Amino acid sequence: MLLDTTVLNQQRNFFDGHEDIWLFGYGSLIWKADFEYLERRPAYITGWARRFWQGSHDHRGTPEAPGRVATLICAQGALCHGMAYRITPDVLAPLDVREKNGYLREKVPLTFLGERGEAQKSKTQTEGLIYLATEDNPAFLGDAPLEDIAHQIAHAHGPSGSNKAYLLNLAQALRDLCIDDEHVFSLADRMHKR
């Protein structure tokens, strides 16, 4: 159920010796950046889709009644939009604790967006870091009918607040960025009907 990945992540130093690192947020990191950063820019990654398939036993749910939070699944041709933060390496330690329930640091290419959602021409791509929860971690819940996922989210609550608030905050953050995400918005619509 709970896999504390803190120590594993501290060993996954893809950017040793770098003074700064780009971190890509696709879930709560978009709207809840409770860490210091040097710069923040809209960006996207390719080949990944955002899904509410990861269980949350420590933030938006409990071991007895886990919530569901965002992770990424491989999806050929897909774009996952979010927010990129340029951070110093010391910021990773508290993020490792925040993302400890099954998430591992992974390195991905990310593309920055311009003012109007267009890729910037000068430096369109760089290497970045994501926290990814895959199906081989014990907290992974996987796919389910949207109505079942929505029901679980609507009723889960944990130390960081309600799972419903997590989903609705993410949906609003994506709308603010003019990003369309069918999975997130379909779940958010079901929350409004409850």
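One is the number of the first residue; the rest follow in order along the sequence. As the structure is a prediction and not an experimental result, all values here were calculated from the model.
- The OG1 atom of T46 sits 10.5 Å away from the CD atom of Q76 when rounded to the nearest 0.5 Å.
- The main-chain N or O of G25 is never found under 3.5 Å from a side-chain atom of Y131 such that the two would form a donor-acceptor pair.
- No continuous path of hydrophobic side-chain contacts links L38 to L23 [ILVMFWY only; heavy atoms under 4.5 Å].
- Donor-acceptor pairing under 3.5 Å is recorded for the side chains of N137 and Q54.
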Full working for side chain to side chain contact (heavy atoms under 4.5 Å, CB included) between W53 and I149: CA-CA 8 Å; W53 291 6; I149 293 174; 4.3 Å; yes
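- At a threshold of 4.5 Å between side-chain heavy atoms, the hydrophobic network of Ile, Leu, Val, Met, Phe, Trp and Tyr places L141 and L167 in two separate groups.
- R51 contributes no side-chain N or O that, together with a main-chain N or O of G142, makes up a donor-acceptor pair within less than 3.5 Å.
- Remark: side-chain polar atoms of Y85 are paired, donor with acceptor, to backbone N or O of L29 under 3.5 angstrom.
- Under the 4.5 Å side-chain criterion, counting only non-hydrogen atoms from C-beta, R190 is not in contact with I153.
- Nearest heavy atoms, F24 versus Y26: CE2-CB, 3.8 Å.
- Between the CZ atom in R41 and the OG1 atom in T111 there is a gap of 11.0 Å [rounded to 0.5 Å].
- Contact between A156 and R60 at its shortest, heavy atoms only, is CB-O, 3.5 Å.
- I45 CD1 to E106 CD: the interatomic distance, rounded to the nearest 0.5 Å, is 11.0 Å.
- In this structure, Y166 contributes its side chain and G161 its backbone to no donor-acceptor pair below 3.5 Å.
- Annotation: the span from I21 atom CD1 to E127 atom CD amounts to 12.0 Å, rounded to 0.5 Å.
- In this structure, the side chain of H59 does not engage the main chain of G67 through any donor-acceptor pair within 3.5 Å.
- How far OG1 of T71 is from CZ of F52: 11.0 Å, rounded to the nearest 0.5 Å.
- Heavy atoms only, all atoms of each residue included: K32 and R98 are closest at O-NH1, 2.8 Å.
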Verdict with reasoning, I73 to D143, per side chain to side chain contact (heavy atoms under 4.5 Å, CB included): CA-CA 10 Å; I73 59 164; D143 196 7; over 6 Å; no
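- Looking at heavy atoms from C-beta onward, T126 lies in side-chain contact with F112 at the 4.5 angstrom threshold.
- Summarising the geometry of I87 relative to E36, their closest heavy-atom pair is CG2-O, 3.8 Å, with the distance given to 0.1 Å.
- Residue pairs that meet the salt bridge (Lys or Arg N to Asp or Glu O under 4.0 Å) test with at least one member in residues 69-95, sequence neighbours left out, are D20-R86, E39-R86.
- Rounded to the nearest 0.5 angstrom, M191 CE and K164 NZ are separated by 7.0 Å.
- Aromatic ring pairs are classed by plane angle as parallel below 30°, tilted from 30° to 60° and perpendicular above 60°; the pair H151 and H155 is tilted.
- The two residues V69 and S56 have their closest heavy-atom pair at CG1-CB, 3.8 Å.
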Please tabulate, for the side chains in residues 168-182, all donor-acceptor contacts under 3.5 angstrom to protein atoms that are two or more places apart in sequence or on a different chain.
{"unit_1": "N169", "atom_1": "ND2", "unit_2": "A165", "atom_2": "O", "d": "3.1"}
{"unit_1": "Q172", "atom_1": "NE2", "unit_2": "D176", "atom_2": "OD1", "d": "2.8"}
{"unit_1": "D181", "atom_1": "OD1", "unit_2": "H183", "atom_2": "N", "d": "3.2"}
{"unit_1": "D181", "atom_1": "OD1", "unit_2": "V184", "atom_2": "N", "d": "3.0"}
{"unit_1": "D181", "atom_1": "OD2", "unit_2": "R50", "atom_2": "NE", "d": "2.8"}
{"unit_1": "D181", "atom_1": "OD2", "unit_2": "R50", "atom_2": "NH2", "d": "3.2"}

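- When all heavy atoms are compared, the tightest approach of W48 to L132 is CH2-CD2, 3.8 Å.
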